[in-house]
Amino acid sequence: MNSKLKPMHSHHKSKARLTQAAALITLCAAIAPAALANERFFTYSYEPETMPQGAWEIEQWVTLRAGRNSTVGQKDYKRWEFRTEAEYGVTDNYTVSLYVNESHTSFRDPATGNNTRDFCWDGLSIENRYMVLNPATKPVGLALYLEPRFDGENFELEQKIIFGQRHGDWKWALNLTHATEWEDHFKETEGEVEISAGLTRMIGKHWAVGLEARDHNELPEYKIWENSALYIGPVVNYRRENWWATLTVMPQVWGGTFHNENPDGNSNLELEGHERWNARLIVGFSF
């Protein structure tokens, strides 16, 4: 999601939490049994398949959100989001993951000349995916997804309905996503709705190339439909037996704000709550 959780800034307490979480992921990797790769062909759209029972995987996510503008006081805006994931197949139909989340945001306010550079601890999250319909045996695969996240001050709960299927060398996925964020110790609330989809084609044994798209919307306090932004761009996957990497690069092709008249001064894009560019790289290692 286009998370706007208010950051818990880096300090001794959050560093201790990060160290403990990193140690847990390292321990998971050390004790993990061998398993085949469970690669992802998209980075913004989940596929309905889950991990085999007893299988482990470590994933590193790097997301870049870049390009707001001077009108909203965020010139040269860049937000880097880092997620380290340990994923385990509890059963053949149920997969659980632990995430460690961090981010770094930088921009310049032209009105004041102030530069902002902020490294944040964004908390821990636990992802739960349950495969209802196996695409290997059903016409369409279906999975349900639930992910709570907490950083000590802010809480988010994200839900997805995941569809997908493979047809020969082609594979597609469609996600319907809703999330609620409770910020500043539950004093503020924001809803988010997103539709994302991907279509890719396998090329040879190791490569896949396709397109991915997402439409993201924000609903502060669930009182207004504040904005919407549509992204679409290429996705590339490379895979080997026990590791894989997938990269998506998506420019914003359309955006709009509905609660007031053009706060970002751009009639074609939404640059107050979204960026011109979204890019994400995920690298996975199976054990």
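Atom-to-atom distance recorded for Ser286:OG and Met51:CE is 5.5 Å, nearest 0.5 angstrom. Distance check, rounded to the nearest 0.5 Å: CG of Asn242 to CD of Glu57 gives 9.5 Å. Atom CD of Glu85 sits about 5.5 Å away from atom CD of Glu127, to the nearest 0.5 Å. Atom CD of Gln53 sits about 6.5 Å away from atom OH of Tyr88, to the nearest 0.5 Å. For the atom pair Thr116 OG1 and Asp76 CG, the distance stands at 12.0 Å (nearest 0.5 Å). The line from CZ of Arg117 to OG1 of Thr105 is 12.0 Å long, rounded to the nearest 0.5 Å.
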Practice prompt. Run the numbers on Phe155 and Arg149 for side chain to side chain contact (heavy atoms under 4.5 Å, CB included), then give the verdict.
Written response: CA-CA 6 Å; Phe155 180 74; Arg149 181 197 293 202; over 6 Å; no
Discussion item. Apply salt bridge (Lys or Arg N to Asp or Glu O under 4.0 Å) to residues Glu49 and Lys171 and explain how you reach the verdict.
Written reply: CA-CA 12 Å; Glu49 295 87 351; Lys171 190 170 190 182; 3.4 Å; yes
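Side-chain atoms of Arg166 come within 3.5 Å of backbone atoms of Gly168 as a donor-acceptor pair (strictly under, hydrogens ignored). At distances below 3.5 Å, at least one donor-acceptor pair connects side-chain atoms of Asn93 with backbone N or O atoms of Met131. With Gln159 contributing its side chain and Leu144 its backbone, the two residues share no donor-acceptor pair below 3.5 Å. A donor-acceptor contact shorter than 3.5 Å links the side chain of Asn101 to the backbone of Gly123. The main-chain N or O of Asn266 is found under 3.5 Å from a side-chain atom of Asp264 such that the two form a donor-acceptor pair. Judged purely by atom type and a 3.5 angstrom limit, Asp184 has no side-chain atom pairing as donor or acceptor with the backbone of Lys187. No donor-acceptor pair closer than 3.5 Å links the side chain of Glu47 to the backbone N or O of Gly164. When atom types are taken as modelled, the side chain of Thr71 and the backbone of Gly265 share no donor-acceptor pair closer than 3.5 angstrom.
Counting only heavy atoms from C-beta outward, the side chains of Trp277 and Tyr231 never approach each other to under 4.5 Å. Considering only heavy atoms from C-beta on, Trp56 stays 4.5 Å or farther from Ile58 through its side chain. Looking at heavy atoms from C-beta onward, Glu102 lies in side-chain contact with Phe119 at the 4.5 angstrom threshold. Trp80 has its side chain within reach of Val62: a pair of non-hydrogen atoms, C-beta onward, lies under 4.5 Å apart. Residues Lys75 and Tyr77 have side chains not in contact (no heavy-atom distance under 4.5 Å, counting atoms from C-beta outward). Contact of the Glu221 side chain with the Glu188 side chain is registered, since non-hydrogen atoms from C-beta on lie closer than 4.5 Å. Contact of the Val209 side chain with the Ile203 side chain is registered, since non-hydrogen atoms from C-beta on lie closer than 4.5 Å. Ile161 has its side chain out of reach of Asn175: every pair of non-hydrogen atoms, C-beta onward, lies at least 4.5 Å apart.
With respect to the salt-bridge test (charged N to carboxylate O, under 4.0 angstrom), the residues Arg79 and Asp122 qualify. Salt-bridge check for Arg68 with Glu272: failed, with every basic side-chain N at 4.0 Å or more from each acidic carboxylate O. A salt bridge links Arg83 with Glu147; the closest basic N to acidic carboxylate O contact falls under 4.0 Å.
Checked by atom type, the side-chain pair Glu59/Trp244 shows no donor-acceptor distance below 3.5 Å. There is a side-chain donor-acceptor pair under 3.5 Å between Asn227 and Glu218. Between the side chains of Asn278 and Arg214, a donor-acceptor pair is found at a separation under 3.5 Å. Side-chain N/O atoms of Ser103 and Glu81 include no donor and acceptor closer than 3.5 Å. Side-chain contact, Thr84 with Gln60: a donor N or O sits under 3.5 Å from an acceptor N or O. Side-chain polar atoms of His206 and Arg240 form a donor-acceptor pair below 3.5 angstrom. Using modelled atom types, one finds a donor on one side chain and an acceptor on the other under 3.5 Å when comparing Tyr94 with Asn128. Between the side chains of Asn217 and Asp215, at least one donor N or O lies within less than 3.5 Å of an accepting N or O. No side-chain donor-acceptor contact under 3.5 Å links Lys78 and Ser106.
In this structure, Arg129 is not positioned above the aromatic face of Tyr145 in the sense of NZ or CZ being under 6.0 Å from the six-membered ring centre and within 45° of the axis.
Other residues, nucleotides and ligands contribute at most 12 non-hydrogen atoms within 6.0 Å of the CD1 atom of Ile195. Within a 6.0 Å radius of CG in Leu176, other residues, nucleotides and ligands contribute more than 12 heavy atoms.
Looking at residues two or more places apart in sequence or on another chain, you find a side chain to side chain contact (heavy atoms under 4.5 Å, CB included) between Pro220 and Glu190, Ile224, Glu226. Legend: residues meeting side chain to side chain contact (heavy atoms under 4.5 Å, CB included) with Thr180, ordered by chain and number and at least two apart, are His178, Trp182, Thr189, Tyr222. With sequence neighbours excluded, the residues that form a side chain to side chain contact (heavy atoms under 4.5 Å, CB included) with His185 are Glu153.
Each of Phe150 and Phe82 belongs to its own hydrophobic cluster when Ile, Leu, Val, Met, Phe, Trp and Tyr are linked at side-chain heavy-atom distances under 4.5 angstrom. Both Tyr130 and Leu142 are members of a single hydrophobic cluster when ILVMFWY side chains are connected at heavy-atom separations under 4.5 Å. Connection of Val235 to Tyr44 is not established within any shared hydrophobic cluster, with ILVMFWY side chains joined at heavy-atom distances below 4.5 Å, either directly or through further cluster members. Connection of Trp170 to Phe42 is not established within any shared hydrophobic cluster, with ILVMFWY side chains joined at heavy-atom distances below 4.5 Å, either directly or through further cluster members. Under the 4.5 Å side-chain heavy-atom criterion for grouping Ile, Leu, Val, Met, Phe, Trp and Tyr, Val283 is connected to Val236 within one hydrophobic cluster.
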Could you tabulate the donor-acceptor pairs under 3.5 Å formed by side-chain atoms of residues 245-253, not counting sequence neighbours?
from   : atom 1 : to     : atom 2 : distance (Å)
Thr246 : OG1    : Arg40  : O      : 2.5
Thr246 : OG1    : Asn237 : ND2    : 2.9
Thr248 : OG1    : Thr43  : OG1    : 2.7
Thr248 : OG1    : Glu212 : OE1    : 2.8
Gln252 : OE1    : Glu270 : N      : 2.7
Gln252 : NE2    : Glu270 : O      : 3.2
Gln252 : NE2    : Glu275 : O      : 2.7

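Summarising the geometry of Pro139 relative to Gln165, their closest heavy-atom pair is O-NE2, 2.8 Å, with the distance given to 0.1 Å. Summarising the geometry of Ser45 relative to Ala197, their closest heavy-atom pair is OG-N, 3.3 Å, with the distance given to 0.1 Å. The two atoms that bring Pro48 and Ala143 nearest to each other are O-CB, 3.6 Å, heavy atoms only. Of all heavy-atom pairs spanning Pro263 and Val72, the tightest one is O-CG1, 4.0 Å.
Apart from Leu271 itself, the hydrophobic cluster it occupies contains Leu269, where clustering links Ile, Leu, Val, Met, Phe, Trp and Tyr at side-chain heavy-atom distances under 4.5 Å.
The salt bridge (charged side-chain N to carboxylate O under 4.0 Å, His left out) contacts involving residues 107-116 comprise nothing, where partners must be two or more places apart or lie in separate chains.
Separation of the Tyr238 and Trp243 ring centroids falls under the 6.0 Å cut-off. Taking the six-membered ring where the residue is Trp, the centroids of Phe163 and Trp172 are separated by 6.0 Å or more.
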